[in-house]
Amino acid sequence: MRNFDPSTNIHDYLVFGEFGDVNPSITDSSTFTFLSPKTMAESFQHEMEGCFLYSRHWNPINKFLSNALARLEDAEAAQVTSSGMAAISSTALQICSAGDEIVSERTIYGGTYAFFKNFLPRLGITVKFVDMQKPEMVELAVTERTKMIYAESVSNPLLEITDIPAISKIAKAHNIKLVVDNTFSPMVISPLHLGADIVIHSMTKYINGSSDCVAGCICSTKEFIDSLTDVNSGATMLLGPVLDSLRAASLLKNLHTLHIRMKKHGENAMYLAEKFEKLGLKVFYPGLKSSKHFRLIEDIRNEGFGYSGMIAIDVGTYERAASLLEMMQQEKVGYLAVSLGYFKTLFSSPGHSTSSEIPEDEQQEMGLSEGLVRFSIGLDGDIKLAYERITKCMKKIGIIQA
Ligand code: PLP
């Protein structure tokens, strides 16, 4: 276990509004004035402290939020984007050009998988998908054209833990950038401390926590973030996935409660995972001592933030999964919806939703079964009640004995 405390790092970032307000003012301008043409010309060449050019480049509130996110991941710098996919696509396009290759984990979010498999080849960038649970497969897939290795710290939807230190050794030996999507485990895992070069989040999920916006971020060295915002060649500057200022302001406030939420999501998820296991169900939760990922997550996680709030169970068939999802919504367990990190429990069937971009035979090969049900466990004050409601549904469907 590691003793890095991202929450204190964020807490110690005191930001003041223009009038000493405890929250920084929301930037309501797309463009900014200069007192001299000389300063304007200089700001096109490099970033100048306290000087803003145009909101697609930077604006004060996006800068405040980015600085706080850099503290979350203990990075030199960060940049906010309009979505998690914008963070992923901008990073890939900044690092790779035609002829380059990416080695990616195969069990990743379906949108990322589709971008890698269907979109990047149009630009001459090829992606090799490997089982990242076997670092030797990464080594075998790397060639002199590989520019980026991509993994999710906790994979979606099978909740496998990536051995970031082992993959990082391979990346460093070949001078390749290791990019880690840490969407499922903010604060729980700090990939940069484990050897990753770039960390990405879909802030749509845990970081925001209220399912009211889509947003993303990239955390890395100052050099990499500067390259993204370069006016002549930066992917975020030129593709333009800017986060709206109003959203940046609300995200900054939500970020300050993330540590409390992650703890509670994790406690509730652990309670349910242990109970489900006792019922004899096939449970995927890295915090369970019986999980094959337990030792690794114990080694790499930060103390005090649990094991995240995502659980998956395998109920055998899609029909049973579908009945369970429908009934749980009727019983007020939560919502039948994709996404995660919301204060209420969300559940879905990944094979028929967030992972449906992955062809069926590949789903089977990676162990993603038809009967898989994924839960993003909420902040329920009474998690026992949620358990009673879920088991009531399971009994009615015949998943467990009445
Ligand atoms: N990464 C992961 C692990 C995700 O689950 C998602 C979305 O579901 C994304 C990235 C994409 O993020 P966004 O929807 O914010 O573009």
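Whatever order the structure lists ligands and atoms in, that order sets their numbers, starting from 1. Quick caveat: nothing in here was measured; it's all calculated off a predicted structure. What's counted below: heavy atoms across the whole structure, side chains too, no hydrogens, waters or symmetry copies. All residue numbers in this chain count up from 1 along the given sequence.
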Problem - NZ/Lys128: more than 12 non-hydrogen atoms of other groups inside 6.0 Å - result: yes
Fill in the blank from the handout: for atom 16 (O) of ligand 1, nearest protein heavy atom and its distance come out as Met85 N, 2.8 Å
Problem - Ion pair check, Arg2 and Glu303, cut-off under 4.0 Å - result: no
Exercise for the section: Please name the pair of heavy atoms, one in Leu272 and one in Ile311, separated by the smallest distance, quoted to 0.1 Å. Expected result: CB-CD1, 3.9 Å
Handout entry: Residue, atom name and distance, where the atom is the protein heavy atom closest to atom 13 (P) of ligand 1
Key = Gly84 N, 3.4 Å
Handout entry: Ion pair Arg247/Asp244, N-O distance below 4.0 Å
Key = no
Exercise for the section: Could you label the plane-to-plane angle of the Phe276 and Phe375 rings as parallel, tilted or perpendicular, counting under 30° as parallel and over 60° as perpendicular? Expected result: tilted
Completion exercise
Within 4.0 Å of some non-hydrogen atom of Ser83, the atoms of ligand 1 are 15 (O), 16 (O)
Practice task
Check whether any N or O atom of Ser202, backbone or side chain, sits under 3.5 Å from an N or O atom of ligand 1, and answer yes or no.
Solution key: yes
Exercise for the section: Please write down residue, atom name and distance for the protein heavy atom closest to atom 6 (C) of ligand 1. Expected result: Lys205 NZ, 3.0 Å
Problem - For atom 11 (C) of ligand 1, the protein heavy atom that lies nearest, with its residue and separation - result: Tyr109 CE2, 3.6 Å
Handout entry: Ligand-side contact atoms (ligand 1) for residue partner Ile88, heavy atom cut-off under 4.0 Å
Key = 10 (C)
Completion exercise
ligand 1 atoms nearer than 4.0 angstrom to some heavy atom of Val214 are 15 (O)
Exercise for the section: Check each heavy atom of Ala215 against ligand 1 and say whether those closer than 4.0 Å belong to the side chain, the backbone, both or neither. Expected result: backbone
Exercise for the section: Examine the side chains of Asp212 and Asn208 and answer whether a donor and an acceptor come within less than 3.5 Å of each other. Expected result: yes
Problem - Ring geometry between Tyr206 and His265 (parallel below 30°, tilted from 30 to 60°, perpendicular above 60°) - result: perpendicular
Fill in the blank from the handout: atom 15 (O) of ligand 1 has as its nearest protein heavy atom Thr204 OG1, 2.6 Å
Problem - Whether Thr31 side chain and Tyr54 backbone form a donor-acceptor pair below 3.5 Å - result: no
Problem - Best match, Asn182, Asn156, Ile200, Asp181: closest heavy atom to atom 1 (N) of ligand 1 - result: Asp181
